[in-house]
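Below: one structure, written as structure tokens.
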Amino acid sequence: MDLSEQQVGRVWVVTARGRLDATTSNMFAQKIDALVTGSEPRLLVDFADVDFVSSAGLRAVLMLVKKVKSLKGTLALCAVQAPVREVLDITGFAGMIDIHAERMAALAALS
Amino acid sequence: MNQFTAGIVPSAAAIAQLTCKVSDFLQEAGVDARAVHHVGLVIDEILTNLATHGGNNCAQATVVIDVHADHIAAEIADHGRPFDPRVPASVDPEAPAEEREFGGLGLHLVQQLTSALHYRHDGDRNRTTFCIARTQERKKG
């Protein structure tokens with residue numbers, strides 16, 4: 001998995017590419033966790049090029065969600081591919097995370 | 001009918017490599033993106049569970065996948081500790097993030113994404129089988 005980040009106003013935007021599974025979830029969690037600082041952190045992870053998510057990846061996302069919520073911040077996803085979205089729906093993650101159809105709408109909501 | 005067969009000594013890296021091969025095989029067979037993802041995911045979860053909890057006897061597992069007109073059928077055979085993936089998963093999808101547990105997600109996915117999920121223990125071998133429906137694309141014209 002490749003991750004790149006940029007700051008847009010108050011929002012850290014992380015672009016993820018590849019598979020989020022047991023081989024990549026630790027790196028994913030650590031890299032994004034480093035951006036979760038201060039009060040009310042705002043993070044957007046662009047999933048447009050994430051083509052596979054397993055339970056190991058979901059656990060990494062859950063860990064980040066718990067930390068962000070403890071800081072009264074927001075973690076959102078955008079451009080999630082349909083099969084991955086179904087995984088988020090049936091595990092209830094779609095109810096814990098703001099999911100936007102595309103990046104600009106997500107940034108508008110987070111800014 | 002197209003068939004995929006592979007042996008694996010389950011580790012995180014080997015499982016990722018295998019599921020990539022499974023995805024390539026299914027895509028080449030013309031299977032829709034949803035079924036491609038979910039077949040790979042279910043195989044990943046079952047093999048990851050085997051690698052984590054299967055004990056010392058799970059050195060080699062075998063994966064067989066058959067592509068049918070309206071569904072994908074798969075079997076995973078292994079020599080790990082007996083484990084029935086149909087046992088209830090302890091996941092509450094309605095629970096808020098603060099109350100969510102980290103365990104049980106893999107089993108929940110296996111149960112929710114498959115149909116005809118079966119398990120039997122023959123001698124010293126576990127056999128887990130499942131099906132995932134294919135989405136039929138509408139023909140134009």
Side-chain angles (χ1 to χ4, degrees), chain A residues 1-2 17-29 36 41 43 47-77 79-99, chain B residues 10-24 26-27 31-52 85 89-114 132-135:
Chain A
M1 163 165 275
D2 295 323
R17 296 183 184 85
R19 297 166 55 89
L20 181 53
D21 61 12
T23 64
T24 59
S25 58
N26 286 344
M27 181 270 288
F28 175 86
V36 183
L43 290 98
F47 261 38
D49 293 317
V50 175
D51 54 13
F52 185 88
V53 175
S54 73
S55 65
L58 292 178
R59 283 190 289 277
V61 172
L62 179 58
M63 188 202 74
L64 293 167
V65 170
K66 284 175 178 282
K67 181 173 180 181
V68 168
K69 284 186 179 290
S70 73
L71 297 169
K72 303 190 185 307
T74 304
L75 175 67
L77 304 180
V80 180
Q81 296 183 19
V84 175
R85 173 63 196 244
E86 188 178 356
V87 167
L88 297 173
D89 286 338
I90 65 175
T91 52
F93 276 55
M96 298 190 298
I97 307 168
D98 294 332
I99 301 176
Chain B
S11 66
I15 292 166
Q17 192 173 34
L18 175 66
T19 53
C20 285
K21 288 180 181 174
V22 168
S23 295
D24 290 345
L26 293 174
Q27 285 170 354
V31 175
D32 60 284
R34 175 188 182 276
V36 169
H37 181 274
H38 293 346
V39 169
L41 175 55
V42 171
I43 289 171
D44 180 304
E45 299 297 347
I46 292 172
L47 290 174
T48 297
N49 189 68
L50 174 65
T52 307
S90 57
V91 171
D92 178 7
E94 305 296 324
E98 296 82 352
E99 298 173 13
R100 290 293 295 262
E101 303 286 343
F102 288 95
L105 286 166
L107 203 54
H108 180 73
L109 286 168
V110 168
Q111 294 169 357
Q112 294 295 314
L113 293 174
T114 60
I132 289 180
R134 296 177 64 174
T135 301

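These numbers come from the heavy atoms of this one structure, side chains and all, not from hydrogens, waters or symmetry mates. Letters go in sequence order (proteins before strands), and every chain restarts at 1.
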Hey, could you give me the CZ/OG1 distance between A/Arg19 and B/Thr19, rounded to the nearest 0.5 Å?
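The CZ atom of A/Arg19 sits 3.5 Å away from the OG1 atom of B/Thr19.
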
Taking atom OG of A/Ser54 and atom CD of B/Glu45, what is their separation to the nearest 0.5 Å?
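Separation between the atoms: 5.0 Å.
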
Please step through side-chain hydrogen bond (donor to acceptor under 3.5 Å, both in side chains) for the pair B/His37 and A/Gln81, ending with a clear verdict.
CA-CA 10 Å; B/His37 181 274; A/Gln81 296 183 19; over 6 Å; no

Show your working on side chain to side chain contact (heavy atoms under 4.5 Å, CB included) between A/Leu58 and B/Leu109 and close with a plain yes or no.
CA-CA 11 Å; A/Leu58 292 178; B/Leu109 286 168; 4.0 Å; yes

For B/Glu94 and A/Gly92, indicate whether the former's side chain and the latter's backbone hold a donor-acceptor pair under 3.5 Å.
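A pair under 3.5 Å: no.
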
A/Lys66 side chain vs B/Ala97 backbone, donor-acceptor pair below 3.5 Å:
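It does hold such a pair.
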
Would you say that A/Thr91 contacts B/Val91 through its side chain, given a criterion of any heavy-atom pair below 4.5 Å between the two side chains?
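A side-chain contact is absent here, since even the closest heavy-atom pair is not under 4.5 Å.
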
With sequence neighbours excluded, tell me which residues meet side chain to side chain donor-acceptor pair (under 3.5 Å) with B/Ser23.
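Residues passing side chain to side chain donor-acceptor pair (under 3.5 Å) with B/Ser23: none at all.
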
Side chain, backbone, both or neither of A/Arg59 within contact of chain B (heavy atoms, under 4.5 Å):
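When you check distances to chain B, atoms from both the backbone and side chain of A/Arg59 fall under 4.5 Å.
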
Is it the side chain or the backbone of A/Asp89 that comes within 4.5 Å of chain B heavy atoms, both, or neither?
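For A/Asp89, there is no contact with chain B at all, as no heavy atom is under 4.5 Å.
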
Could you report the tightest heavy-atom contact between B/His108 and A/Ile90, atom names first, then the distance?
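Smallest interatomic distance, heavy atoms only, reads NE2-O, 2.7 Å.
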
Would you name the heavy atoms of A/Phe52 and B/Asp44 that are closest together and state the gap between them?
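It is CE2-OD2, 3.8 Å.
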
With respect to chain B, which residue among A/Val53, A/Thr24, A/Val65, A/Val84 yields the maximal number of heavy-atom pairs within a distance under 4.5 Å?
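Result: the option with the highest number of such pairs is A/Val53.
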
